Amino acid sequence: MDMDALKRQAAARALEEVRDGMKLGLGTGSTAKHFVELLGEKVRTGLKVVGVPTSEVTRADAIRCGVPLTTLDDIDHLDLTVDGADEIDPALNLIKGGGGALLREKIVAAASDRMIVIADESKWVEVLGRFPLPVEVIPFGLAATRAAMDRAFAQSGASGEMVIRQGKDGHAFVTDGGHWIIDAHLGRIGDAPRLAALLSVIPGVVEHGLFIGLGTSAVLAGAQGIRVVERR
Ligand SMILES: O=C[C@H](O)[C@H](O)[C@H](O)COP(=O)(O)O
């Protein structure tokens, strides 16, 4: 079975958790896109929900699929967020932001009672870090921010190259919030909660892609079927 079919299976399993009247966070990425499409099918057959998209791309997808939308300016709390991830560890800590949407994704997940992470099995890892960690930064003062990030990596026992993400046009990739992304190639993040705390206090860091304690369950689709992992 191809990867895309697995992603859709995970999305379909998460959809089973959606109830009438729910306020939903709508994730970003190729896996979350399946969820939005399947949710749209349910809405067309009468399901009443409202969604908050985590990116402009997801907003456009949701509109195309007929999913009613609202914002976290109009409501302050969500029942459930369904989103993908770049890596998931056994504590359900995540790396997110491969698609550049980590800031809105984290705001939305933090405003939700529950976050279901949907993915194919390839995203499951014992230790985070093989996937480059996306860190959203303010372009102003970038050298100073990079130096502070380097110190944070060292203090948490990690190290690696930092690369400013480029867009298709060859210029710096710009997030929906107007910021840049540094991808940190750390290889191994031995203490993800500590690194998350250290990165969070750097002034030029807007947000980082470590999601600690936000995922409440993961739906993983693989060749052997679907596995649901609850956070302990
Ligand atoms: O910024 C993007 C998001 O964090 C995505 O949820 C993540 O990159 C996973 O995307 P995909 O489902 O396409 O692998």
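In each ligand, atom 1 is the first atom listed, and ligand 1 is the first ligand listed. What you are looking at is a predicted structure, and each value in this text was computed from that prediction instead of being measured.
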Are any of the side-chain nitrogens in R104 or E56 under 4.0 Å away from the carboxylate oxygens of its partner?
yes
If you take all heavy atoms of L195 and A152, which pair is closest and at what distance?
CD1-O, 3.8 Å
Crowding at CZ, R130 (>12 non-hydrogen neighbours, <6.0 Å):
no
Crowding at CD, E16 (>12 non-hydrogen neighbours, <6.0 Å):
yes
The answer for which part of P134 has a heavy atom under 4.0 Å from ligand 1 is neither
L69 and R59, any side-chain heavy atoms less than 4.5 Å apart
yes
With heavy-atom distances below 4.5 Å as the criterion, would you say the side chains of V108 and D83 are in contact?
no
Counting from 1, what ligand 1 atoms have a heavy atom of [X] closer than 4.0 Å?
{"X": "K123", "value": "11 (P), 14 (O)"}
{"X": "D83", "value": "6 (O)"}
{"X": "D86", "value": "7 (C), 8 (O), 9 (C)"}
{"X": "G98", "value": "1 (O), 2 (C), 8 (O)"}
{"X": "G84", "value": "6 (O)"}

Options A32, G99, A85, A10, ranked by nearest heavy atom to atom 2 (C) of ligand 1, top entry:
G99
S30, A11, G29: member with heavy atom nearest to atom 13 (O) of ligand 1:
S30
Nearest-neighbour protein heavy atom for [atom], which is reported as residue plus atom name and distance:
{"atom": "atom 12 (O) of ligand 1", "answer": "T31 OG1, 2.6 Å"}
{"atom": "atom 3 (C) of ligand 1", "answer": "E105 OE2, 2.9 Å"}
{"atom": "atom 6 (O) of ligand 1", "answer": "T28 O, 2.7 Å"}

Quick check: does K7 get an N/O under 3.5 Å from an N/O on ligand 1?
no
side-chain hydrogen bond (donor to acceptor under 3.5 Å, both in side chains) between K23 and T70, worked out
CA-CA 9 Å; K23 301 183 182 83; T70 184; over 6 Å; no
Would you say T58 and D61 are linked by a side-chain donor-acceptor pair, where the criterion is simply a distance under 3.5 Å?
no
